[in-house]
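Excluded from the calculations below are hydrogen atoms, water molecules and symmetry mates; all remaining heavy atoms, backbone and side chain alike, are included. Throughout, protein chains are lettered first and strands after them, A, B, ... in sequence-line order, and every chain is numbered starting at 1.
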Amino acid sequence: MQLQNLVQRFTSDIVGEEHFEKMLVKSAADKNPLRIKFGIDPTFTDVHLGHAVPIRLLRAFQDHGHLPVLIIGDGTARLGDPTGRNEQRPPLTVDDVARNSATYLEQIGTILDLDPAKCEVRHNSEWFGDMDFFDALKLASQSTAARLLERDDFKKRMQQNQAVHLHEMMYPLMQGYDSVMVEADVELGGNDQLFNLHMGRQMQERAGQRPQICMTTPLLLGTDGRKMSKTYGNHVGLNAGANDMYGKIMSLSDDGMPLWFQLATTLTEDEMSTCLAGHPRQAKDLLARNIVEQIHGADAAASAAEAFVQQFAKNELPDDIDECVLAQSSVKLASLLKDAGLVTSTSEARRMLKGGAVKVNSEAQSDPNLLVELSSSGVVLLQIGKRRLVNVRCS
RNA sequence: GGGGAGAUACCGAAGUGGCCAAACGGGGCGGAUUGUAAAUCCGCUGGCUCUGCCUACAGAGGUUCAAGUCCUCUUCUCCCCA
């Protein structure tokens with residue numbers, strides 16, 4: 001597929017579009033690949049399918065001979081982009097960030113080719129790490145309060161009489177500075193990044209560089225229709241197993257499907273519209289399969305689809321159930337549910353029991369004091385709802 | 001620097017001395033229904049050795065038989081003035 005077509009499919013906004021064509025032509029003539037920047041802050045342990053949208057576009061650029069410049073924001077993560085959340089997160093420690101950075105690369109590697117010859121990976125602590133206070137002031141002098149307060153998130157919070165801290169306003173400047181440091185030609189980001197991307201342009205211009213083209217991708221919504229975010233629990237992680245990933249996508253709301261087809265699948269426009277015209281259940285199955293295939297391969301996708309039908313449509317037990325080994329042989333049901341890790345407290349176990357959610361060996365139980373005998377040879381199957389299952393035996 | 005308002009559970013938000021483990025709404029979780037979609041109905045939503053006990057209404061003290069509610073100090077936020 002043509003790069004321009006892909007760009008069209010995956011972007012909602014392009015700043016500096018009029019120069020993009022020329023840049024492509026010049027890059028081809030000079031045999032000088034464009035530097036395509038994409039930055040991601042390792043604030044959590046998983047990268048999700050929402051992040052995958054710009055990453056897939058990045059991959060498209062890579063496939064067309066351009067150079068992805070992947071920035072792991074181990075410096076910016078310490079601050080945290082205040083986007084979309086009207087409260088501050090607890091600051092991450094250096095260790096958190098280091099741990100997350102490693103898993104991020106692994107997950108991004110499922111989409112992008114991280115071969116050093118084909119991709120430049122940078123950590124922005126490289127330049128933020130040894131800045132002193134006066135360097136930071138210099139950075140701050142690059143913009144103005146009025147300009148920063150134009151940012152949607154800040155504006156809203158100001159209007160709602162909520163706090164906007166000074167350090168939060170440094171975030172866009174940091175991201176912009178990244179662009180200067182890597183001399184980006186194009187920067188990709190989610191729709192909510194538009195302001196930050198603009199900042200890069202502005203700062204590059206001040207630094208005497210050619211301002212980057214800013215491309216934003218539409219935001220992939222979470223399975224519940226809200227913005228995909230780990231904090232909402234509506235995300236699908238790239239590190240999710242095939243079955244889990246398939247199941248999560250099946251729980252997507254019907255309304256969300258067109259956007260998901262557009263942003264997360266490899267299907268053509270025609271294939272998509274054929275799919276969407278059919279039964280929604282069918283369409284969702286294809287959607288889920290396609291996505292799982294991209295990450296886990298065709299075989300895994302097929303068996304995930306099968307396992308799903310077995311467990312949820314036919315209401316049968318799944319083939320692979322986690323096993324848990326406990327020391328005691330005779331335990332009260334409420335404690336057992338907790339010890340087996342199905343609930344976090346015995347109080348929760350009691351509530352579940354009262355609500356009729358619990359089955360022991362496929363038989364409904366409601367007595368928290370029921371004494372369950374475990375043996376080392378056979379297993380006892382504990383079940384809360386359709387999703388939480390575990391086989392228990394004693395050591 | 002001066003004046004005023006405020007901080008309640010995952011979120012929003014009631015509560016102005018006992019009937020408060022805290023109304024109500026959202027979210028989440030379970031049950032029914034189903035296409036693990038949507039919609040709808042029902043239940044749950046601090047912990048424990050669970051008909052009882054313990055810890056909680058920003059933090060620390062205090063008044064009281066009794067405090068989310070009153071007093072003092074502290075921390076944080078917002079608004080107005082300079």
Side-chain angles (χ1 to χ4, degrees), chain A residues 82 84-91 149 154-168 221-236 240 243-261 275-276 278-289 292 304-318 328 330-339 341-360 362-371 382-389:
Chain A
R85 301 208 17 191
N86 293 356
E87 70 221 63
Q88 307 151 268
R89 313 176 169 140
L149 284 171
F154 294 149
K155 215 192 302 180
K156 256 185 224 149
R157 281 155 68 188
M158 294 291 280
Q159 277 164 4
Q160 290 169 7
N161 292 345
Q162 285 171 338
V164 176
H165 294 261
L166 285 180
H167 70 287
E168 297 183 75
L221 298 177
T223 48
D224 59 357
R226 289 185 290 171
K227 182 191 164 183
M228 186 178 286
S229 156
K230 175 135 185 187
T231 40
Y232 291 151
N234 63 359
H235 74 303
V236 180
N243 289 11
D244 190 31
M245 190 179 279
Y246 181 94
K248 278 201 169 133
I249 297 169
M250 285 307 282
S251 76
L252 173 70
S253 63
D254 287 1
D255 296 343
M257 280 202 288
L259 190 67
W260 275 63
F261 269 107
C275 254
L276 284 166
H279 191 286
R281 168 81 177 61
Q282 209 78 38
K284 217 174 284 175
D285 171 61
L286 276 160
L287 175 72
R289 268 177 209 257
V292 175
E306 255 170 61
F308 178 83
V309 170
Q310 182 182 344
Q311 185 175 359
F312 296 106
K314 294 189 187 156
N315 224 340
E316 289 164 10
L317 294 173
Q328 317 92 302
S330 173
V331 200
K332 282 187 183 175
L333 185 50
S335 323
L336 181 62
L337 290 167
K338 182 185 164 209
D339 295 343
L342 291 182
V343 291
T344 54
S345 67
T346 58
S347 297
E348 190 188 347
R350 282 163 185 273
R351 273 182 246 126
M352 289 298 174
L353 283 158
K354 211 167 139 199
V358 179
K359 284 183 191 167
V360 177
S362 301
E363 217 170 291
Q365 297 292 348
S366 62
D367 178 10
N369 293 319
L370 179 77
L371 221 46
L382 297 179
Q383 218 177 331
I384 298 184
K386 277 186 183 181
R387 248 168 262 205
R388 284 179 256 179
L389 298 109

Measure [atom1]/[X] against [atom2]/[N] and give the value in whole Å, please.
X: R226(A); N: rA38(B); atom1: CZ; atom2: P; answer: 13 Å
X: Q282(A); N: rG35(B); atom1: CD; atom2: C1'; answer: 10 Å
X: N315(A); N: rG35(B); atom1: CG; atom2: C1'; answer: 13 Å
X: L276(A); N: rG35(B); atom1: CG; atom2: P; answer: 20 Å
X: L353(A); N: rG31(B); atom1: CG; atom2: P; answer: 13 Å
X: D255(A); N: rG35(B); atom1: CG; atom2: C1'; answer: 14 Å
X: K386(A); N: rG35(B); atom1: NZ; atom2: P; answer: 10 Å
X: H279(A); N: rU34(B); atom1: NE2; atom2: P; answer: 13 Å

Does atom CG of L371(A) have more than 12 heavy-atom neighbours from other groups under 6.0 Å away?
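Yes, enclosed.
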
Considering residues, nucleotides and ligands other than Q282(A), do more than 12 of their heavy atoms fall under 6.0 Å from its CD?
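No.
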
At what distance, to the nearest 0.5 angstrom, does CD1 of I384(A) lie from CG of L337(A)?
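Answer for the CD1-CG pair, I384(A) versus L337(A), is 5.0 Å.
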
Could you state the interatomic distance from CH2 (W260(A)) to NZ (K284(A)), rounded to the nearest 0.5 Å?
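Taking CH2 in W260(A) and NZ in K284(A), the distance rounds to 10.5 Å.
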
[N] and [M]: how far apart are their [atom1] atoms, nearest whole angstrom?
N: rG59(B); M: rC53(B); atom1: P; value: 24 Å
N: rU16(B); M: rU40(B); atom1: C1'; value: 40 Å
N: rA14(B); M: rC79(B); atom1: C1'; value: 23 Å
N: rA56(B); M: rG46(B); atom1: C1'; value: 7 Å
N: rA9(B); M: rC70(B); atom1: C1'; value: 24 Å
N: rU74(B); M: rG52(B); atom1: C1'; value: 37 Å
N: rU55(B); M: rG47(B); atom1: P; value: 16 Å
N: rA22(B); M: rC29(B); atom1: P; value: 23 Å

Look through every strand shown and name the nucleotide pairing with [N] as Watson-Crick or G-U wobble, where both distances are under 3.5 Å.
N: rG43(B); result: rC29(B)
N: rG1(B); result: rC81(B)
N: rC20(B); result: none
N: rU55(B); result: none

For a quick check of understanding: with a heavy-atom distance under 4.0 Å over all strands, which category does [X] fall into, base, sugar-phosphate or nothing?
X: I384(A); value: nothing
X: A334(A); value: nothing
X: G247(A); value: base
X: K284(A); value: base

Is D254(A) side chain donor-acceptor paired with the rG35(B) base, going by distance under 3.5 Å alone?
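In this structure, the two groups form a donor-acceptor pair.
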
Can you name the residues that form a side-chain contact (heavy atoms from CB on, under 4.5 Å) with K354(A), not counting sequence neighbours?
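K354(A) satisfies side-chain contact (heavy atoms from CB on, under 4.5 Å) with no residue once adjacent residues are dropped.
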
Does some side-chain heavy atom of V164(A) sit less than 4.5 Å from a side-chain heavy atom of K155(A)?
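No, side chains not in contact.
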
Check for a donor-acceptor pair, side chain of [X] on one end and backbone N or O of [Y] on the other, with a separation under 3.5 Å.
X: Q311(A); Y: K386(A); value: yes
X: Q310(A); Y: L317(A); value: yes
X: H279(A); Y: R281(A); value: yes
X: N234(A); Y: K227(A); value: yes

Phosphate OP1/OP2 of rG30(B): any R388(A) side-chain N/O under 4.0 Å:
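Result: yes.
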
Given protein heavy atoms under 4.0 Å, the one-letter contact record of nucleotides 77-82 of chain B, with B base, S sugar-phosphate only and - none, is simply SSS---

Under 4.0 Å protein heavy-atom contact, by nucleotide of nucleotides 45-54 of chain B - B base, S sugar-phosphate only
SSSBSB----

Test log, rule salt bridge (Lys or Arg N to Asp or Glu O under 4.0 Å), inputs E348(A) and R388(A)
CA-CA 14 Å; E348(A) 190 188 347; R388(A) 284 179 256 179; 3.7 Å; yes

Report the residue (P280(A) or D224(A)) whose heavy-atom-nearest nucleotide on RNA chain B is the more 5′ of the two.
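Counting from the 5' end, the first nearest nucleotide belongs to D224(A).
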
